[in-house]
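Everything on this sheet refers to the single structure shown next.
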2 protein chains.
Amino acid sequence: MRRKLRETANETATMRLRHAGLRPTRQRNELAKLLFRNGHRHLTAEMLHAEAVSEGVKVSLATVYNTLHQFTQAGLLLQVVVDPTRSYFDTNTADHQHFYCEDESSLIDIPGPDIAVAGLPTPPPGTQIKRVDVVVHVRRH
Amino acid sequence: MRRKLRETANETATMRLRHAGLRPTRQRNELAKLLFRNGHRHLTAEMLHAEAVSEGVKVSLATVYNTLHQFTQAGLLLQVVVDPTRSYFDTNTADHQHFYCEDESSLIDIPGPDIAVAGLPTPPPGTQIKRVDVVVHVRRH
DNA sequence: TCAACAGTTTAGAATTATTCTAAATTGCAG
DNA sequence: CTGCAATTTAGAATAATTCTAAACTGTTGA
Ligand SMILES: [Mn+2]
Ligand SMILES: [Mn+2]
Ligand SMILES: [Zn+2]
Ligand SMILES: [Zn+2]
């Protein structure tokens with residue numbers, strides 16, 4: 001009950017990884033700590049890599065890409081497609097939607113229950129609905 | 001009243017371009033004819049370029065990219081972002097949404113009035129809503 | 001009719017995000 | 001500890017897209 005916060009964060013990250021079936025390596029632990037230490041975030045591989053480097057975490061960009069995809073497959077992250085030039089990853093895996101401001105390339109969450117899509121037609125034959133994504137594009141005025 | 005269909009198509013394309021404020025060049029005319037000759041389509045620059053080449057239309061890939069963006073700015077096309085690896089252009093500029101089947105990279109229109117998004121929260125301060133995109137991801141089962 | 005020039009096209013180089021390769025390193029089961 | 005599969009990584013490769021700068025063309029006004 002007197003362990004340092006750092007150790008606790010480490011154990012939390014390790015547990016999260018084990019629970020997701022991922023081997024808790026040094027790099028995955030560090031990246032998980034950066035990703036999940038505070039509220040929800042939307043970030044690109046480059047952004048996370050820059051953050052890691054600036055905080056003294058040694059990890060290659062290739063590993064950041066690998067890790068983001070592994071976390072996504074494991075359900076720890078969600079990939080968001082709104083900008084044709086880059087891929088965002090979202091630490092909020094709950095059902096929710098987004099405002100996207102192209103001017104500043106920023107994503108803002110819209111809580112899932114707030115928004116409702118009605119009148120969905122039957123999906124094409126032989127397919128079933130997997131997810132409904134709503135992106136509300138906004139512009140600075 | 002006895003002109004060939006080809007001539008009529010040419011005039012239609014030319015008029016469409018003039019009306020959009022674009023100089024009707026040979027390449028723009030040919031691409032407009034390919035794009036708008038039949039029902040609505042969703043296609044990438046590479047796809048349109050391949051189609052042009054296969055039908056004997058001489059145009060460079062760079063021009064296809066330029067033209068697709070110019071047509072989009074002019075309101076003749078809509079850009080659709082669903083796949084992080086490529087950009088689709090949509091000849092349907094009416095208000096509508098999409099089914100996206102990742103397995104086969106195919107987009108299918110959902111007529112605008114069919115679908116309704118309710119409960120949109122107030123957009124972030126200083127911004128106004130520009131467009132609401134709904135993508136229904138489906139999977140082969 | 002046509003010269004002039006802005007707008008357009010284009011080949012090829014460049015850029016950018018992302019993925020791949022193959023060799024070195026590391027976590028962990030035994 | 002050891003052995004080995006899983007992981008990491010530097011750097012090369014790939015793929016979509018954009019840029020550059022030189023050649024070409026549509027339009028216009030004399
Ligand atoms: Mn892209
Ligand atoms: Mn890309
Ligand atoms: Zn989000
Ligand atoms: Zn469409």
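Residue numbers begin at 1 in each chain, while the letters A, B, ... track the order of the sequences.
- Tested against A:H98, the residues A:D90, A:D133, A:N92 include a single side chain to side chain donor-acceptor pair (under 3.5 Å) partner, A:D90.
- Side-chain contact between A:I110 and A:V134: absent, with no pair of heavy atoms (C-beta onward) separated by less than 4.5 Å.
- Between B:R86 and D:dA15 there is no side-chain polar atom (N or O) within less than 4.0 angstrom of OP1 or OP2.
- B:R26 CZ: more than 12 foreign heavy atoms inside a 6.0 Å radius.
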(Q) Using a 4.0 Å heavy-atom cut-off to protein, can you give one letter per nucleotide of nucleotides 24-30 of chain D, 5' to 3': B if the base is in contact, S if only the sugar-phosphate is, - if neither? (A) -BBS---

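- Counted within 6.0 Å of CD on A:Q79, heavy atoms from surrounding residues, nucleotides or ligands total more than 12; the atom is thus considered enclosed.
- Regarding B:L22, its CG atom lies at a distance of 15 Å from the C1' atom of C:dT9, rounded to whole Å.
- The CD atom of B:Q79 sits 11 Å away from the C1' atom of D:dT17 (whole-angstrom rounding).
- With rounding to whole Å, B:N29 atom CG is found 13 Å from C:dT8 atom P.
- With hydrogens and angles left out, the side-chain atoms of B:H96 and B:H40 include no donor and acceptor closer than 3.5 Å.
- For the pair A:Q70 CD and D:dT7 C1', the computed distance is 8 Å after rounding to whole Å.
- To the nearest angstrom, P of C:dA17 lies 14 Å from NE2 of A:H69.
- Residue A:N66 contributes atom CG, which lies 15 Å from atom P of D:dA6 at whole-angstrom precision.
- Contacts between residues 41-65 of chain B and DNA chain C, defined by a heavy-atom separation under 4.0 Å, are made by B:K58, B:V59, B:S60, B:A62, B:T63.
- A:F71 has its CZ atom 13 Å from the C1' atom of D:dT7, to the nearest Å.
- Within a 6.0 Å sphere centred on CZ of A:R139, other residues, nucleotides and ligands contribute 12 heavy atoms or fewer.
- Per the geometry, CZ belonging to B:R28 stands 11 Å off P belonging to C:dT10, to the nearest Å.
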